[in-house]
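Structure first, then comments.
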Amino acid sequence: MARALPLTAYSMGIDTHEEPIVFMRKDCAICRAEGYTANTRLQISAGQRTLIATLNTVSETILPQGYIGFSDSAWEFLGLDKHSVVHVHHAPPVPSLSALRKKIYGHRLNTLEISSIIGDIGQRRYSDIEVASFLTACAGGRLDAAETTALTTAMINNGNRLHWPEYTRVFDKHCIGGLPGNRTTPIVVAIVSAAGLVIPKTSSRAITSPAGTADTMEVLTNVDLPLAQLRNVITRTGACLAAGGEVGLSPTDDLLIRIERALDLDSEGQLVASVLSKKMAAGSTHILIDMPVGPTAKLRTPQQAADLESLFHAVAGNLGVEVRCVQSDGSQAVGWGIGPAEEARDVLSVLHNEQHAPADLKERALFLAAQLLCMADETSDAQAYRNARDLLESGEALQQFLNICEAQGGLREIPTASHHIELRSTWDGHLRGMDNRRLAHLAKVAGAPSSPEAGLRLQVKVGDTIRAGQALATLLAQTPGELAYAREYYHQNRDLFDVAPANTPAITEGNRDGDRDGNR
């Protein structure tokens with residue numbers, strides 16, 4: 001490879017959300033000599049580090065002569081400063097792209113091929129388009145159990161891995177998602193760690209939802225813990241409630257999640273690999289999977305959940321970890337709050353055993369905690385449930401939660417949204433259902449999770465009798481513009497709350513797929 005002329009690094013201050021982008025002047029002598037044009041893939045060398053990035057060309061007024069601009073992620077990956085000198089070359093061929101093309105045409109990939117793809121993605125050798133191509137080629141059930149096992153292993157091997165030689169069993173839980181407000185994890189972790197189970201819970205931020213566990217916990221305490229602090233928290237409390245990105249557990253998964261979020265895609269094989277790679281990288285040996293099933297949840301039917309459960313068990317068996325999958329009710333949002341701050345309020349109200357704490361969130365958390373306690377001991381479901389309930393109602397779970405927050409940096413005060421409006425019913429009737437997907441989208445257009453205060457505060461549940469003018473929910477936002485935007489979305493989707501006029505029969509399983517009278 002010919003040695004290119006050196007260029008001085010220049011930080012453009014542009015956030016391209018992890019996609020490595022470089023900027024060169026259109027009149028740059030190197031561009032002209034090498035034939036570089038917009039979208040050319042370039043290899044950038046800075047000392048011992050290299051990166052493949054996509055070129056954007058800019059006018060002469062944007063960059064000084066002899067400089068090359070970098071997006072934030074490219075700048076950080078190469079560890080540059082304002083005095084750094086870099087060399088630019090044509091990007092070399094990426095061999096794993098042949099395996100990607102093989103998968104695009106519907107062929108199975110072997111372990112080595114999958115490992116090479118994940119390794120190249122982790123080293124930023126793939127463009128976003130190529131990552132998106134890999135994800136879509138694997139979607140729709142096009143990864144079998146062997147491929148998913150190989151994908152999981154490759155994702156574990158491309159990051160840090162925690163080991164707990166002092167513990168024979170390490171527990172974890174994960175929810176498949178698709179159910180707004182289903183923030184059981186902080187409560188479950190508090191209960192089972194109070195019972196003596198070790199549960200180093202690391203979570204991703206939201207992919208397609210208005211809040212993930214990490215988003216909600218970040219309202220309450222510090223979740224970006226470096227590896228040494230994470231170990232310290234777990235040693236002190238037997239648990240943690242942290243974000244996985246800071247400690248580098250399966251970091252390639254975070255790159256994939258970024259593209260999945262843009263595609264609104266969460267395929268079966270990738271989902272299983274994502275979950276198990278994060279759990280196993282955290283050192284977990286016993287993993288509980290919560291699978292909400294409902295007409296507008298991520299899993300629509302019990303059969304879809306059963307198929308996913310089979311894949312989880314097959315891959316977990318191949319990798320030597322124990323998995324228990326449980327199906328739960330996914331017919332409506334859980335709790336009263338949707339969005340990081342509002343879900344944090346619900347979590348604390350349950351832990352504090354407040355009179356008006358959401359009963360459905362409490363019961364789901366107790367059920368899941370009992371399942372983990374059953375995995376730990378040869379005890380009946382009923383006895384495990386009673387043990388979980390006693391730990392919650394005695395205040396031991398609350399104290400354990402406070403201990404975890406204190407170890408992670410202390411408990412924070414929950415912020416309040418600056419703007420809100422009430423969403424009201426236009427007639428008398430009863431609430432037959434709510435659309436989880438559009439309800440989540442409403443919270444997102446209000447600003448969640450980027451604005452943790454944004455979201456919704458529900459005021460009704462399915463089956464409730466509704467009066468004309470009654471508030472169905474409170475819409476929350478941090479700015480008037482976001483509130484207006486979300487309100488407009490709601491006006492176009494009023495039937496996301498399915499309020500049946502008085503004297504209309506309630507929906508049953510037999511007529512659930514019939515016409516729906518919306519709250520228009």
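Since the structure is predicted, the reported quantities are computational estimates derived from the model, not experimental observations. No hydrogens, no waters, no symmetry mates; every other heavy atom, side chains included, goes into these values.
Counting only distance, with no hydrogens or angles, the side chain of Ser310 and the backbone of Ala306 share a donor-acceptor pair below 3.5 Å. Within the 3.5 Å criterion, the main-chain N or O of Met434 finds no donor-acceptor partner in the side chain of Asp498. Put simply, the side chain of Glu342 never gets that close to the backbone of Gly339: no donor and acceptor are under 3.5 Å apart. A donor-acceptor contact shorter than 3.5 Å links the side chain of Arg437 to the backbone of Ala297. Ser451 places no side-chain N or O within donor-acceptor distance of the main-chain N or O of Ala448, the cut-off being under 3.5 Å. Judged purely by atom type and a 3.5 angstrom limit, Ser115 has no side-chain atom pairing as donor or acceptor with the backbone of Ala154. Side chain of Asn493 to backbone of Leu496: no donor-acceptor contact under 3.5 angstrom is found. Side-chain N or O atoms of Arg432 include none that pairs as donor or acceptor with a backbone N or O of Val499 at under 3.5 Å. Put simply, the side chain of Asp172 never gets that close to the backbone of Lys201: no donor and acceptor are under 3.5 Å apart. Judged by distance alone, the side chain of Thr136 and the main-chain N or O of Ala132 form a donor-acceptor pair under 3.5 Å.
A 6.0 Å sphere centred on CZ of Phe77 holds more than 12 heavy atoms belonging to other residues, nucleotides or ligands. For Tyr489, the OH atom sits in a packed shell: over 12 heavy atoms of surrounding residues, nucleotides or ligands are nearer than 6.0 Å. No more than 12 heavy atoms of other residues, nucleotides or ligands lie within 6.0 Å of CD1 in Ile129, so this atom counts as exposed by the packing criterion. By the 6.0 Å contact criterion, NE2 on His313 is enclosed, its count of non-hydrogen atoms from other residues, nucleotides or ligands being greater than 12. Counting heavy atoms of neighbouring residues, nucleotides and ligands inside a 6.0 Å radius, atom CG of Asp144 exceeds 12 of them.
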Take Ile257 and Ser274 through the side chain to side chain contact (heavy atoms under 4.5 Å, CB included) test and state the conclusion after the steps.
CA-CA 9 Å; Ile257 284 173; Ser274 173; 4.3 Å; yes
The test is side-chain hydrogen bond (donor to acceptor under 3.5 Å, both in side chains); show your working for Ser328 and Arg364 and say whether it passes.
CA-CA 8 Å; Ser328 57; Arg364 293 176 78 93; 2.9 Å; yes
Intermediate values then yes/no, side chain to side chain contact (heavy atoms under 4.5 Å, CB included), Leu458 and Leu439:
CA-CA 10 Å; Leu458 300 177; Leu439 205 57; 4.2 Å; yes
Should Ser96 and Tyr126 be marked as a side-chain hydrogen bond (donor to acceptor under 3.5 Å, both in side chains) after you check the CA-CA gap, both sets of side-chain angles, and the distance that decides it?
CA-CA 10 Å; Ser96 69; Tyr126 273 38; 2.8 Å; yes
Please lay out, stage by stage, how Ile118 and Phe134 fare under the test side chain to side chain contact (heavy atoms under 4.5 Å, CB included).
CA-CA 10 Å; Ile118 293 302; Phe134 174 66; 4.2 Å; yes
For side chain to side chain contact (heavy atoms under 4.5 Å, CB included), just list the numbers for Arg345 and Thr416, CA-CA rounded to whole Å, side-chain angles, deciding distance to a tenth of an Å, and then say yes or no.
CA-CA 10 Å; Arg345 294 186 208 284; Thr416 301; 3.5 Å; yes
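Minimum interatomic distance between Leu475 and Ala486 (heavy atoms only, all atoms of both residues): CD2-CB, 3.7 Å. Between Met24 and Cys31, the shortest heavy-atom contact is CE-SG, 3.6 Å. Among all heavy-atom pairs drawn from Gly122 and Leu255, the shortest one is CA-CD1, 4.1 Å. Across every non-hydrogen atom of Ala477 and Ala454, the tightest pair is CA-CB, 4.2 Å. Closest non-hydrogen pair, Ser133 versus Ile104, comes out as CB-CD1, 4.2 Å. The two residues Leu308 and Ile176 make their nearest non-hydrogen contact at CD2-CD1, 4.0 Å.
Between the side chains of His89 and Gln43, no donor-acceptor pair is found at a separation under 3.5 Å. No hydrogens or angles considered: a donor-acceptor pair under 3.5 Å links the side chains of Gln459 and Thr474. Under 3.5 Å, the side chains of Arg41 and Thr54 contain a donor-acceptor pair of N or O atoms. Side chains of Lys173 and Thr184: a donor on one and an acceptor on the other come within 3.5 Å. Side-chain contact annotation: Gln270 with Ser267, donor-acceptor N/O pair under 3.5 Å absent.
The only member of Thr202, Asp254, Ile156 that meets side chain to side chain contact (heavy atoms under 4.5 Å, CB included) when paired with Leu249 is Thr202.
Comment: Asp346 does not engage Arg183 in a salt bridge, judged by the lack of any side-chain N to carboxylate O separation of less than 4.0 angstrom. Between Glu147 and Lys103 there is a salt bridge, since at least one side-chain N of the basic residue sits less than 4.0 Å from a carboxylate O of the acidic one. Between Glu18 and Arg124 there is a salt bridge, with a side-chain nitrogen of the basic residue lying less than 4.0 Å from a carboxylate oxygen of the acidic one. Under 4.0 Å is where a charged nitrogen must lie from a carboxylate oxygen, and between Asp224 and Arg205 at least one such pair does.
One distance of note links OG1 of Thr57 with CD1 of Ile62; it measures 11.0 Å at 0.5 Å rounding. We find the CD1-CG distance between Ile114 and Leu143 to be 6.5 Å, quoted to the nearest 0.5 Å. For the atom pair CZ of Arg258 and CG of Leu256, the computed distance is 9.5 Å after rounding to the nearest 0.5 Å. Summarising the geometry, atom CG belonging to Leu241 is positioned 4.5 Å from atom CE belonging to Met217; distances are rounded to the nearest 0.5 Å. For the atom pair CD of Glu309 and CD of Gln303, the computed distance is 10.5 Å after rounding to the nearest 0.5 Å. Considering OG of Ser209 and CG of Leu179, their distance stands at 10.5 Å, rounded to 0.5 Å.
Residues Cys240 and Gln408 form a side-chain contact, since some pair of their non-hydrogen atoms from C-beta on lies under 4.5 Å apart. Two residues are said to be in side-chain contact when any heavy atoms from C-beta on lie closer than 4.5 Å; Arg49 and Leu51 fail this criterion. A 4.5 Å side-chain heavy-atom check between Ile117 and Ile121 finds at least one atom pair inside the cut-off. Put simply, the side chain of Leu135 reaches to within 4.5 Å of the side chain of Leu265, judged on heavy atoms. With a 4.5 Å cut-off on side-chain heavy atoms, Leu230 and Pro200 do not count as touching. With a 4.5 Å cut-off on side-chain heavy atoms, Leu63 and Met12 count as touching. Between Glu19 and Ser71, the closest side-chain pair of non-hydrogen atoms is not below 4.5 Å. A heavy-atom distance below 4.5 Å is found between the side chains of Tyr490 and Leu472.
Relative orientation of the Tyr36 and His90 rings is perpendicular, given thresholds of 30° and 60° on the angle between their planes.
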